[in-house]
Engineer: 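Let me give you the structure first, and then I'll get to my questions.
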2 protein chains.
Amino acid sequence: MRMSDVAAAAGVSTATVSMVLSGAGSDRISPQTQARVREAAKAAGYAPNSVARSLRTQRTRTIGLISDTIATTPFAGRMLAGANDVARDHGHLVILVNTDDDAEQERKAILALVGQQVDAMLYARMWHRAVDAPAGLPAGTVFLDCRPTEGGWPAVVPDDRQGGASATRELVAAGHRRIAYVDAPNPDEVVASELRHQGYLEVLAESGITPDPALHVRAATDAAGGRAAVEELLDLPTSRRPTAIFCFNDRMAMGAYTAAHRRGLAIPDDLSIVGYDDQQLIASELDPPLTTVALPHYEMGRWAMEVALGLRESDRDNPLLMNCPIIRRDSVGPPPITAGN
Amino acid sequence: MRMSDVAAAAGVSTATVSMVLSGAGSDRISPQTQARVREAAKAAGYAPNSVARSLRTQRTRTIGLISDTIATTPFAGRMLAGANDVARDHGHLVILVNTDDDAEQERKAILALVGQQVDAMLYARMWHRAVDAPAGLPAGTVFLDCRPTEGGWPAVVPDDRQGGASATRELVAAGHRRIAYVDAPNPDEVVASELRHQGYLEVLAESGITPDPALHVRAATDAAGGRAAVEELLDLPTSRRPTAIFCFNDRMAMGAYTAAHRRGLAIPDDLSIVGYDDQQLIASELDPPLTTVALPHYEMGRWAMEVALGLRESDRDNPLLMNCPIIRRDSVGPPPITAGN
DNA sequence: ATGAAAGCGCTAACAG
DNA sequence: CTGTTAGCGCTTTCAT
């Protein structure tokens with residue numbers, strides 16, 4: 001079923017069919033002819049061959065999306081969804097490639113996507129971090145949830161400093177002054193860790209609270225890590241014990257809940273907790289539901305695709321910092337009156 | 001940078017370049033010429049244009065994947081990963097389209113993918129269910145995590161009956177006889193609900209346990225639903241109260257934990273719990289880690305892609321039932337001795 | 001208002 | 001062993 005078949009059926013040339021169906025220049029074709037063509041096309045169930053069209057027009061209406069482990073984390077989906085929604089609304093398809101964080105696979109993926117003549121490319125990582133731009137990336141490739149070490153590329157990352165500040169401010173506003181930060185283990189790899197810490201310190205400073213180094217602890221970023229870290233914190237003498245805890249992520253917060261329960265501490269009456277990530281199926285399902293900071297994955301995905309499609313300008317030397325909104329639920333309250341502050 | 005450029009640089013025809021680079025018929029080309037061509041190609045940084053190649057060969061080495069909400073659920077990723085891995089290993093790219101479960105979007109997606117001349121198509125749903133095959137799907141489309149109401153299509157779904165049986169058997173084996181099934185609300189929409197229930201009843205029957213209707217309850221499939229249902233169950237008079245609970249999913253199991261803790265019941269000492277889904281970031285992070293039944297998403301994704309690529313035969317009238325393995329963690333133990341059974 | 005014709009970049013017979 | 005040639009199905013001037 002080719003265009004020439006439709007043309008024959010309608011008794012016109014392929015040029016006419018092309019103009020009618022693509023809409024371009026269809027104002028030059030008489031209404032009667034247009035109707036005839038459309039009818040013939042519909043009757044034949046004709047669908048244009050985009051490969052042929054792409055070869056001719058040099059545009060595929062296709063966007064390549066390279067990611068390290070998009071499929072593995074629940075977050076991934078939101079970024080993908082944002083990118084996909086924008087692409088769809090503008091008549092583009094996305095070709096997704098997963099590299100499993102393997103350099104060789106990444107190289108091949110870039111080659112394959114370039115060979116496919118994708119109109120633009122998105123380079124996504126699942127965790128906010130700095131990356132060296134891989135060789136062969138087409139100019140204009142948009143970095144998603146990672147910042148290229150050298151400038152010159154559009155990029156979008158979460159504003160983790162602001163997020164850390166928001167979380168801490170939420171606790172300060174509730175009246176807390178002994179606020180712990182249960183951090184991720186390795187600040188080098190995890191950009192987010194350092195930035196959130198900065199936000200935390202900033203708010204303490206602006207609130208006239210002297211940071212207590214004992215309240216900044218590091219642990220594995222899972223529930224077990226969070227639990228262990230919080231148990232240590234709760235072992236501190238009463239005067240130094242925190243009344244509120246800001247956790248690097250929701251899984252650690254989940255562990256914090258367990259630690260509190262083991263001590264018979266009620267949340268938020270005895271201990272306030274704020275998480276990070278607003279991880280679906282965790283944050284809202286905890287008891288009580290967790291106040292946390294959301295990572296704007298969907299929005300970042302949208303933004304990146306908008307830039308890729310040329311719908312939006314970008315600063316190629318400074319990654320866009322996307323706001324991380326605080327999601328208020330029920331794990332924050334005033335400090336217990338027994339706490340001597 | 002086209003093939004003719006490479007040909008000119010190497011002093012040969014495009015036919016020769018094509019043969020050398022594609023490997024096909026390269027045994028007819030002298031080693032010297034081959035070397036010259038490869039060198040010229042590498043020097044020029046030549047990458048073949050797959051659009052032109054596809055137009056000529058009528059194969060795009062591209063697979064369309066339509067899904068309702070692949071991006072939204074954490075499960076999705078695993079299916080995608082399985083499909084993607086197989087595609088990659090066989091030199092294919094996957095074009096992903098999300099329809100948000102909207103019929104109109106679905107129609108357009110199918111059209112777009114067909115227009116792109118994808119070599120094969122996967123039709124995925126995020127929850128195991130029966131679906132009417134949408135119009136326009138190319139013959140041979142593989143159904144993933146859903147079964148077409150009319151036969152004639154290859155399909156793969158989780159073996160939920162076996163999963164329900166495995167969960168129940170795990171509890172029976174631990175010595176329980178009063179085993180509740182905390183089910184999803186609507187058996188019509190959720191195929192899995194009915195199948196797991198069947199598996200549950202089967203194992204009770206084969207174990208000589210008379211099902212107590214009071215122990216089969218339904219609730220919303222989130223933590224709040226699970227918690228409410230389990231609280232009711234625990235309100236039963238001691239003689240009828242369950243010593244073990246099989247939950248429709250891990251989120252409900254999370255609610256079951258909360259209900260148990262509220263009563264001061266320890267898991268698994270006072271109450272055993274089995275979930276379903278093996279949901280990352282929940283099942284393993286609960287305290288104690290949850291024994292649950294895993295949904296074989298990754299395997300289903302692989303299987304579907306293998307069938308799509310013609311690497312594997314399939315029965316087009318009976319969906320493949322993929323095994324749901326039980327994942328043993330620490331939420332199952334023998335019934336408490338105080339229980340009068 | 002419509003048609004003819006020239007490719008887009010590649011592959012695959014078929015010649016030589 | 002290598003080159004010539006004829007398209008794949010579409011879009012787009014340029015004629016008419």
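As the structure is a computational prediction, the values presented were derived from the model and not from experiment. As a basis for the values below, the full set of heavy atoms in this structure was taken, side chains included, without hydrogen atoms, waters or symmetry mates. Chain identifiers are assigned alphabetically (A, B, ...) following the order of the sequence lines, protein sequences preceding nucleic acid strands; residue numbering begins at 1 within each chain.
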Engineer: Is the CD atom of A:Glu150 crowded by more than 12 outside heavy atoms at less than 6.0 Å?
Structural biologist: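 Not buried by this count: 12 neighbours or fewer within 6.0 Å.
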
Engineer: Can you tell me if the side-chain N/O atoms of A:Thr16 get under 4.0 Å from OP1 or OP2 in C:dG3?
Structural biologist: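 For A:Thr16, the contact criterion (side-chain N or O under 4.0 Å from OP1 or OP2 of C:dG3) is met.
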
Engineer: Once rounded to the nearest 0.5 Å, what's the spacing between atom CG of B:Asp89 and atom CG of B:Leu311?
Structural biologist: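 It comes to 10.0 Å.
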
Engineer: Look at all strands and tell whether B:Gly11 reaches a base, only sugar-phosphate, or nothing, counting heavy atoms closer than 4.0 Å.
Structural biologist: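 Counting heavy atoms under 4.0 Å across all strands, the contact made by B:Gly11 is with sugar-phosphate only.
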
Engineer: If I compare all heavy atoms of B:Leu295 with all of B:Pro158, which pair ends up nearest, and what's the gap?
Structural biologist: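 Scanning both residues completely, I find the closest heavy atoms to be CD1-CB, 3.9 Å.
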
Engineer: Does any N or O in the side chain of B:Asp119 come within less than 3.5 Å of the main-chain N or O of B:Ile63, such that one atom is a donor and the other an acceptor?
Structural biologist: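 Not a single qualifying donor-acceptor pair exists.
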
Engineer: Atom CD of residue position B:Glu39 - does it have more than 12 heavy atoms of other residues, nucleotides or ligands inside 6.0 Å?
Structural biologist: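 It does not: B:Glu39 CD has 12 such atoms or fewer within range.
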
Engineer: Quick one: which of B:Asp132, B:Asp68, B:Asp145 gives a salt bridge (charged side-chain N to carboxylate O under 4.0 Å, His left out) with B:Arg125?
Structural biologist: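 When salt bridge (charged side-chain N to carboxylate O under 4.0 Å, His left out) is applied between B:Arg125 and each of B:Asp132, B:Asp68, B:Asp145, only B:Asp68 qualifies.
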
Engineer: For nucleotides 9-16 of chain C, give me one character per nucleotide, 5' to 3': B if any protein heavy atom sits under 4.0 Å from the base, S if the only such contacts are to the sugar-phosphate, - if neither.
Structural biologist: BBBB----

Engineer: Just how large is the angle between the end axes of the helix from C:dA1-D:dT16 to C:dG16-D:dC1, five pairs per end, to 10 degrees?
Structural biologist: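 Comparing the first five pairs with the last five, the axes sit 40° apart.
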
Engineer: Begin from the C-alpha positions of A:Asp102 and B:Arg88 and carry the test salt bridge (Lys or Arg N to Asp or Glu O under 4.0 Å) through to its verdict.
Structural biologist: CA-CA 13 Å; A:Asp102 174 85; B:Arg88 174 176 31 70; over 6 Å; no

Engineer: Under the side chain to side chain donor-acceptor pair (under 3.5 Å) criterion, do B:Arg38 and B:Gln34 qualify, and how do the steps go?
Structural biologist: CA-CA 6 Å; B:Arg38 280 186 225 286; B:Gln34 292 210 25; 2.6 Å; yes

Engineer: CD of A:Gln34 versus C1' of C:dA1: gap in Å, rounded?
Structural biologist: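 So the two atoms are 11 Å apart, to the nearest Å.
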
